[in-house]
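The structure under discussion appears below in the form of structure tokens.
In what follows, every heavy atom counts, from backbone to side chain, and hydrogens, waters and symmetry copies are set aside. Fair warning: this is a prediction, and the values are worked out from it, not measured in the lab.
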Amino acid sequence: MGALSSSTVTNPALGINFKCSLLPVKKTAIKRFGFKEIRGNALSRCCLRVEIGWFGRAKSGNGAYRRAGDRIRCFSGDGNEGEDISKASGSTATEEPEERSSSSMKSDEPPASVSSTPSGFSPEPPPYTNFQVDSFKLMELLGPEKVDPSDVKLIKEKLFGYTTFWVTGEEPFGDLGEGVLFLGNLRGKREEVFAKLQWQLSEVIGNKYNLFMVEEPNSEGPDPRGGPRVSFGLLRKEVSEPGPTTLWQYVIALLLFLLTIGSCLELGIASQLNRLPPEMVRYFTDPEATELPDMQLLVPYVESALPLAYGVLGVQLFHEVGHYLAAFPKKVKLSIPYFIPNITLGSFGAITQFKSILPDRMTKVDVSMAGPLAGAALSFAMFGAGLFLSSNPVSAGDLVEVPSTLFQGSLLLGLISRATLGFSAMHAATVSIHPLVIAGWCGLTTTAFNMLPVGCLDGGRAVQGAFGKNALLGFGLTTYAFLGLGVLGGPLSLPWGLYILICQRTPEKPCLNDVSEVGTWRRTALAVLIFLIVLILLPLWDELAEELGVGLVTSF
């Protein structure tokens with residue numbers, strides 16, 4: 001859509017100046033709203049202005065003139081008046097009627113010209129200013145395609161009835177009210193009725209609309225057959241289905257992936273602080289160090305940083321493969337992943353969008369949980385292998401030294417490390433570990449953050465599918481509170497909270513069947529997974545760290 005530009009237009013016939021916006025208008029929009037065709041390229045860039053007042057005036061019973069409608073005029077960018085694309089308010093859009101000859105006009109009726117008004121007559125001021133009405137008309141003109149009223153009537157006659165769903169009312173449906181929500185009473189098992197209605201919709205209308213089965217809003221009680229009362233929403237496919245991936249989105253995804261490779265490589269170099277030159281150590285550890293050191297000094301350390309970078313990046317790629325493997329059998333299309341770089345953990349993960357409407361809530365839970373489970377499995381395997389190699393004297397040459405306070409960042413991972421490496425190894429200023437431990441630690445932490453039950457994260461999608469949108473709202477508010485207080489993730493709470501607010505705060509859109517339950521075992525698995533996530537992101541408090549000997553804790 002082109003950007004709006006402002007233009008001041010002078011119309012001598014009306015004796016007024018007004019300011020309006022120039023924008024391109026599609027011929028499909030003209031056809032949709034019933035505007036008459038404009039010759040040439042008159043609508044390629046024009047100014048739409050609603051003229052309120054005496055277009056098509058009619059005489060009322062008491063002899064006073066009333067306003068019969070408004071009209072939209074198209075003015076070119078240089079201020080010259082173009083042709084009318086009128087649409088009379090309160091009536092169907094037709095071409096402007098031909099002007100009557102002077103002999104056919106009654107003496108007591110004023111001419112139909114906009115520039116003339118009855119002498120001594122002052123029209124009532126409109127309830128809205130011209131600019132406000134212009135905005136309303138433009139929003140309607142450029143808004144999403146709405147459901148055709150004739151199709152609504154046909155659907156009510158052919159689809160709904162005594163044996164399926166008895167319609168008792170209608171409400172707007174969709175983000176902008178561009179659809180129709182049918183309220184009524186269900187006359188059978190919801191899954192069977194929904195499948196029958198979907199088949200009949202394709203037979204009657206064709207591949208034009210999507211039918212949604214959702215919970216009835218503001219329902220007074222549950223359905224007598226059990227479960228919530230349901231309603232059926234109707235939306236056009238071009239409105240409800242996600243659009244295709246554009247070339248620019250591919251370019252952005254590639255740039256973000258390259259930046260993520262760089263951040264993973266930087267993490268691998270930063271893990272070798274005990275080997276780096278002093279100026280490089282000062283740059284990585286001193287917050288006040290702003291002068292960039294000679295980057296050529298890092299070249300000898302790039303090769304040794306590659307295993308850790310490969311491990312962190314491999315977890316993110318394996319995470320996305322899990323999503324795709326779960327989506328393929330369900331015929332769910334996913335977008336390309338948009339990896340988000342992070343210098344602390346290598347990556348925030350990736351943003352992956354659904355490019356098709358999910359059939360039901362079970363599919364939403366399965367696809368959402370498959371990625372984190374795959375990434376967590378690989379991360380835990382690397383973490384365990386790294387701890388084993390850290391205690392093996394054969395691998396002493398590959399070990400790196402990290403601050404022991406690193407293990408205080410996770411209650412679960414800190415306890416596992418303490419049980420594996422022992423008290424003497426952990427109760428020191430630094431700990432010698434294999435790079436796989438860092439890769440697994442970062443992968444598990446990133447996976448845990450992405451499984452937080454909030455917004456459009458994997459955890460938020462899974463909670464929305466398993467427990468409903470209202471449950472997601474409660475989980476989300478609790479998660480935001482914990483992140484704001486630093487309870488989860490410690491110093492990583494702030495960047496992750498900002499990442500969620502900026503990129504992933506919006507809940508996922510409903511499924512076609514947004515009512516059927518997902519089953520007990522899916523809910524149980526999700527609850528256990530959320531519990532493990534809390535254990536991973538909950539830091540070790542000082543008393544427990546001192547008791548376990550995880551790092552040197554100084555009490556003041």
Enumerate the residue pairs fulfilling ring pair (Phe, Tyr, Trp, His ring centres under 6.0 Å) with a member in [range], sequence neighbours excluded, ordered by first and then second residue.
{"range": "residues 350-375", "result": "none"}
{"range": "residues 379-405", "result": "none"}
{"range": "residues 431-458", "result": "Phe407-Trp441, Phe449-Trp496"}
{"range": "residues 357-377", "result": "none"}

So, the side chain of [X] versus the backbone of [Y]: is there a donor-acceptor pair under 3.5 Å, distance only?
{"X": "Thr164", "Y": "Leu159", "result": "yes"}
{"X": "Glu216", "Y": "Pro228", "result": "no"}
{"X": "Ser263", "Y": "Gly346", "result": "yes"}
{"X": "Arg229", "Y": "Gly184", "result": "yes"}
{"X": "Ser410", "Y": "Ile536", "result": "yes"}
{"X": "Ser432", "Y": "Val400", "result": "no"}
{"X": "Asp514", "Y": "Cys511", "result": "yes"}

Other residues, nucleotides, ligands: >12 heavy atoms within 6.0 Å of [X] [atom1]:
{"X": "Tyr310", "atom1": "OH", "result": "no"}
{"X": "Glu547", "atom1": "CD", "result": "no"}
{"X": "Leu306", "atom1": "CG", "result": "yes"}

For [X], check side-chain contact (heavy atoms from CB on, under 4.5 Å) against everything at least two apart and list the hits.
{"X": "Thr245", "value": "Gln249, Tyr250, Ile336, Tyr338, Lys355"}
{"X": "Phe482", "value": "Thr478, Val487, Leu488"}
{"X": "Ala305", "value": "Leu265, Ile269, Gln272"}
{"X": "Pro507", "value": "Gln464, Lys469, Leu472"}

Could you give the distance from [atom1] ([X]) to [atom2] ([Y]), rounded to the nearest 0.5 Å?
{"X": "Ser231", "Y": "Met213", "atom1": "OG", "atom2": "CE", "result": "10.5 Å"}
{"X": "Ser379", "Y": "Gln316", "atom1": "OG", "atom2": "CD", "result": "7.5 Å"}
{"X": "Met451", "Y": "Ile530", "atom1": "CE", "atom2": "CD1", "result": "6.0 Å"}
{"X": "Leu325", "Y": "Phe318", "atom1": "CG", "atom2": "CZ", "result": "8.0 Å"}
{"X": "Lys237", "Y": "Asn210", "atom1": "NZ", "atom2": "CG", "result": "3.5 Å"}
{"X": "Phe212", "Y": "Leu234", "atom1": "CZ", "atom2": "CG", "result": "9.0 Å"}

Are side-chain heavy atoms of [X] and [Y] found at a separation under 4.5 Å?
{"X": "Tyr480", "Y": "Leu501", "result": "yes"}
{"X": "Leu535", "Y": "Leu415", "result": "no"}
{"X": "Leu512", "Y": "Leu211", "result": "no"}
{"X": "Leu345", "Y": "Val312", "result": "no"}
{"X": "Leu421", "Y": "Ile433", "result": "yes"}
{"X": "Gln200", "Y": "Leu197", "result": "yes"}
{"X": "Arg361", "Y": "Asn513", "result": "no"}
{"X": "Thr344", "Y": "Pro491", "result": "no"}

Practice task
Test side-chain contact (heavy atoms from CB on, under 4.5 Å) on Glu241 and Ser356 and set out the steps.
Solution key: CA-CA 6 Å; Glu241 295 183 353; Ser356 60; over 6 Å; no
Practice task
Could you tell me whether the side chains of Ser516 and Glu191 share a donor-acceptor contact shorter than 3.5 Å?
Solution key: yes
Completion exercise
For Phe194, the ring-ring contact (aromatic ring centres under 6.0 Å, His included) test, sequence neighbours excluded, returns none
Handout entry: Salt bridge flag under 4.0 Å for residues Arg236 and Glu238
Key = yes
Practice task
Start with the C-alpha gap between Leu313 and Phe257, add the side-chain angles, then the distance that decides, and say whether side-chain contact (heavy atoms from CB on, under 4.5 Å) holds.
Solution key: CA-CA 10 Å; Leu313 189 62; Phe257 182 67; 4.1 Å; yes
Practice task
Assess whether side chain to side chain donor-acceptor pair (under 3.5 Å) is satisfied between Asp360 and Thr363, documenting all intermediate values.
Solution key: CA-CA 6 Å; Asp360 49 45; Thr363 303; 2.8 Å; yes
Practice task
Verify side-chain contact (heavy atoms from CB on, under 4.5 Å) between Leu544 and Leu411, making sure each step is shown before the conclusion.
Solution key: CA-CA 9 Å; Leu544 182 59; Leu411 176 61; 3.5 Å; yes
Problem - Residues in side chain to side chain donor-acceptor pair (under 3.5 Å) contact with Glu517, at least two apart in sequence or another chain - result: Arg523
Handout entry: Contacts of type side chain to side chain donor-acceptor pair (under 3.5 Å), residue Glu215, not counting sequence neighbours
Key = none
Locate the shortest heavy-atom distance separating [X] from [Y]; write the atom from each residue and the value.
{"X": "Val518", "Y": "Gly465", "answer": "CG1-O, 3.2 Å"}
{"X": "Pro337", "Y": "Ala253", "answer": "O-CB, 3.9 Å"}
{"X": "Ala370", "Y": "Gly322", "answer": "CB-O, 3.3 Å"}
{"X": "Asn450", "Y": "Gly349", "answer": "ND2-CA, 4.0 Å"}
{"X": "Ser417", "Y": "Leu387", "answer": "OG-CD2, 4.1 Å"}
{"X": "Ser271", "Y": "Leu308", "answer": "OG-CD2, 3.4 Å"}

Practice task
Report the C-alpha separation of Val431 and Ser404 in whole Å, then their side-chain angles, then the decisive distance to 0.1 Å, and conclude whether the side-chain contact (heavy atoms from CB on, under 4.5 Å) test is met.
Solution key: CA-CA 6 Å; Val431 182; Ser404 58; 3.7 Å; yes
List, one per line, each side-chain donor-acceptor pair under 3.5 Å for residues 326-334, sequence neighbours excluded.
none

Handout entry: Passing option when His319 is tested against Thr446, Asp458, Thr447, Thr352 for side chain to side chain donor-acceptor pair (under 3.5 Å)
Key = Asp458
Practice task
Give the C-alpha distance, both sets of side-chain angles, the deciding distance and a yes or no for ring pair (Phe, Tyr, Trp, His ring centres under 6.0 Å) between Phe182 and Phe165.
Solution key: CA-CA 9 Å; Phe182 298 100; Phe165 185 78; 8.0 Å; no
